[in-house]
Visitor: 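Here it is, the structure in full.
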Number of protein chains: 2
Amino acid sequence: MPPQPVSSNFASIIRTLHHPPAENFKLAHILHALADPVRLAFVRVLTAEPGGINCANTMARAGLDMPKSTCSRHFQILRKAGVVRSQRRGIELINFLRADDLQGRFPGLLASILDASRMERAA
Amino acid sequence: MPPQPVSSNFASIIRTLHHPPAENFKLAHILHALADPVRLAFVRVLTAEPGGINCANTMARAGLDMPKSTCSRHFQILRKAGVVRSQRRGIELINFLRADDLQGRFPGLLASILDASRMERAA
DNA sequence: AATGGTAGTTCGGTTTTGTCGAACTATCCA
DNA sequence: TGGATAGTTCGACAAAACCGAACTACCATT
């Protein structure tokens, strides 16, 4: 086949950022996504950032430090479960909590987990 | 050392069945324990059995079949997280949901997860 | 107190899942 | 076109899940 002149660069965006529709959320996946202190900390940060926040700043706000690849993987798990939506804004990837989708699919679930998380931190 | 005449057989019971006190529950452990369809099914069964239910019957009521060792391990994870209390009754091990302890430590958490689980099943 | 039966745990080997550095891709700016 | 920044993917290694087999605990009978 002939060589591609320039790699069409939106293909990879589509490949990396697939978000499940709310009706396909699986409870087990959501609980697994939140059953990790790092990811739960990320979600707590996201609740305070309705305008979205990028990966590196999420780590900083959570007071955590880790390799970029690990952070990326944590966000990937949150994304695949439906907890987070990510969209590119310029050079960075902005993450949003899918609070409404979660509330619609499993009412009260996220709120009670976040309550529990804050309670545990406060103790 | 001198040979033990008869192995003191309560030691192993203490070894196998250690239940954390409610104030030591970790949210991440509880979510991890419940982030598995099999264990979540077990917990749903336990909610309907306030008098406790043994391992084999829990599987049966959940409509599941698996090796004993796998079932044992699932209950071990639930136990270590604090979701379940197990006590020997004669030949069998009876499992109870620690609903009150969970409610005391993380109010509303278990209820919302069970609601979500039943909702997902019903759909 | 030996035998046998039932309930469940532990062990060992294999498979799956998580972690992290290195290389790669996407985007912006000069 | 080059350099800088943000994040993803790859590959190798480490940790955890799975299941059959062997083991322990308990009860009942003899």
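Letters A, B, ... mirror the listed sequences (proteins, then strands); counts begin at 1.
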Visitor: Does A:Ile53 or B:Lys68 map to a spot on DNA chain D nearer the 5' end, using the closest nucleotide for each?
Guide: A:Ile53

Visitor: Does A:Ser86 offer a backbone N or O that forms a donor-acceptor pair with the side chain of A:Asn95 under 3.5 Å?
Guide: no

Visitor: Under 4.0 Å: is that the gap between some side-chain N or O of A:Gln76 and OP1 or OP2 of D:dG7?
Guide: no

Visitor: Classify the side chain of A:Ser69 and the base of C:dG21 as holding, or not holding, a donor-acceptor pair under 3.5 Å.
Guide: yes

Visitor: Look at the side chain of B:Glu92 and the backbone N and O of B:Asn54, then say whether any donor-acceptor pair between them is shorter than 3.5 Å.
Guide: no

Visitor: Atom CG of B:Leu78 and atom P of C:dT9: how far apart are they, to the nearest Å?
Guide: 12 Å

Visitor: Could you tell me how far apart B:Asn57 (CG) and C:dT6 (P) are, to the nearest whole angstrom?
Guide: 14 Å

Visitor: In whole angstrom, what separates A:Ile77's CD1 from C:dT17's P?
Guide: 11 Å

Visitor: For the side chain of B:Ile91, starting at C-beta, report the closest nucleotide among C:dC20, D:dC19, C:dG5.
Guide: C:dG5

Visitor: Separation of B:Gln87 atom CD from C:dT9 atom P, in whole Å?
Guide: 14 Å

Visitor: Figure out the CG/P separation between A:Leu64 and C:dT19, and round it to whole Å.
Guide: 13 Å

Visitor: Rounded to whole Å, how long is the line connecting atom CZ of B:Phe75 with atom P of D:dA17?
Guide: 17 Å

Visitor: So does A:Gly82 get a backbone contact from the side chain of A:Arg79, meaning a donor-acceptor N/O pair under 3.5 Å?
Guide: no

Visitor: Figure out the NE2/C1' separation between B:His74 and D:dC19, and round it to whole Å.
Guide: 11 Å

Visitor: Looking only at the side chain of B:Ser72 (C-beta and beyond, no hydrogens), which of the listed nucleotides C:dT10, D:dC18, D:dA6 gets closest?
Guide: C:dT10

Visitor: Within the structure, does a side-chain N or O atom of B:Arg73 lie under 4.0 Å from either OP1 or OP2 of D:dA17?
Guide: yes

Visitor: Look at B:Arg88 and D:dC27 and indicate whether a side-chain polar atom (N or O) is within less than 4.0 Å of OP1 or OP2.
Guide: no

Visitor: Would you say a side-chain N or O of A:Arg79 is under 4.0 Å from OP1 or OP2 of D:dG7?
Guide: no

Visitor: Hey, can you tell me if B:Phe75 and B:Phe42 have their rings parallel, tilted or perpendicular (30° and 60° cut-offs)?
Guide: parallel

Visitor: Taking only the side-chain heavy atoms of A:Ala56 (C-beta and beyond), determine which of D:dC19, C:dG8, D:dG7 contains the nearest atom.
Guide: D:dG7

Visitor: Give the nucleotide from the list D:dT8, D:dA6, C:dT9 with an atom nearest to the side chain of A:Glu92.
Guide: D:dA6

Visitor: Looking at B:Gln103 and B:Gly108, would you say the former's side chain and the latter's main chain have a donor-acceptor pair under 3.5 Å?
Guide: yes

Visitor: Taking the side chain of A:His32 as heavy atoms from C-beta outward, which of C:dG18, D:dG7, C:dG8 is closest to it?
Guide: C:dG18

